[in-house]
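A short write-up of the structure that comes next.
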Amino acid sequence: MKFLHFELQSGQHRTVIVTLNKQANVKVMDDFNFESYKSGDGHKFYGGYATKSPFKVVLPSPGLWHVVIDLGGIPGSVRASVRLT
């Protein structure tokens, strides 16, 4: 499985802003769900399928967050940048 991965340390109610060069899945997860994602197991996340860029996700709590960007199994590649506001 190919994906882009970014780690963010954040306070509560910060916003993740993801800039993409094409449509892609944007998933923001905690450690537990990121490990499940990597194993191919069920996982919960914030975000979804981004059809417009930039794509924004508000973090629900402080801590370490994983931002994963993938094409959902479709061939190709995506470029992305991630920042907090």
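- Side-chain contact check for K44 versus M29: every heavy-atom pair is 4.5 Å or farther apart.
- With sequence neighbours excluded, the residues that form a side-chain hydrogen bond (donor to acceptor under 3.5 Å, both in side chains) with H66 are H5, D31.
- Heavy atoms from other residues, nucleotides or ligands lying under 6.0 Å from OH of Y46 number 12 at most.
- V68 is not listed as a side-chain neighbour of L4, based on a closest heavy-atom distance of 4.5 Å or more.
- With contacts defined as side-chain heavy-atom distances shorter than 4.5 Å, the pair F3/K38 qualifies.
- Side-chain contact check for H43 versus K27: some heavy-atom pair is nearer than 4.5 Å.
- Annotation for S36 and G42: closest pair CB-O, 3.3 Å, computed over non-hydrogen atoms.
- Residues V82 and F6 approach most closely at CG2-CD1, 3.5 Å, considering heavy atoms.
- The side chain to side chain contact (heavy atoms under 4.5 Å, CB included) search around P62 returns Q12, not counting sequence neighbours.
- Annotation for I17: hydrophobic cluster partners, listed by chain and number, are none (ILVMFWY side-chain heavy atoms under 4.5 Å, direct or chained).
- Between the OG atom of S39 and the OH atom of Y37 there is a distance of 11.5 Å, given to the nearest 0.5 Å.
- Listed here is the closest heavy atom pair of N25 and L71: ND2-C, 4.0 Å.
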Mind listing the side-chain donor-acceptor pairs of residues 48-59 below 3.5 Å, one per line with the distance, residues two or more places apart or on another chain?
from : atom 1 : to  : atom 2 : distance (Å)
Y49  : OH     : Q23 : OE1    : 3.0
S53  : OG     : L20 : N      : 2.8
S53  : OG     : L20 : O      : 3.4

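- One distance of note links NZ of K2 with CD1 of I69; it measures 14.0 Å at 0.5 Å rounding.
- The hydrophobic clustering, which links ILVMFWY residues whose side-chain heavy atoms are closer than 4.5 Å, places V28 and V18 together.
- Through direct or relayed side-chain contacts under 4.5 Å between Ile, Leu, Val, Met, Phe, Trp and Tyr, L64 connects to no other residue.
- Every residue two or more places apart in sequence or in another chain that forms a side chain to side chain contact (heavy atoms under 4.5 Å, CB included) with D30 is listed here: F32, N33, W65.
- Screening residues 75-85 for side chain to side chain donor-acceptor pair (under 3.5 Å) gives no qualifying pairs among residues at least two apart or on separate chains.
- By the salt bridge (Lys or Arg N to Asp or Glu O under 4.0 Å) test, E7 pairs with no residue at all, sequence neighbours left out.
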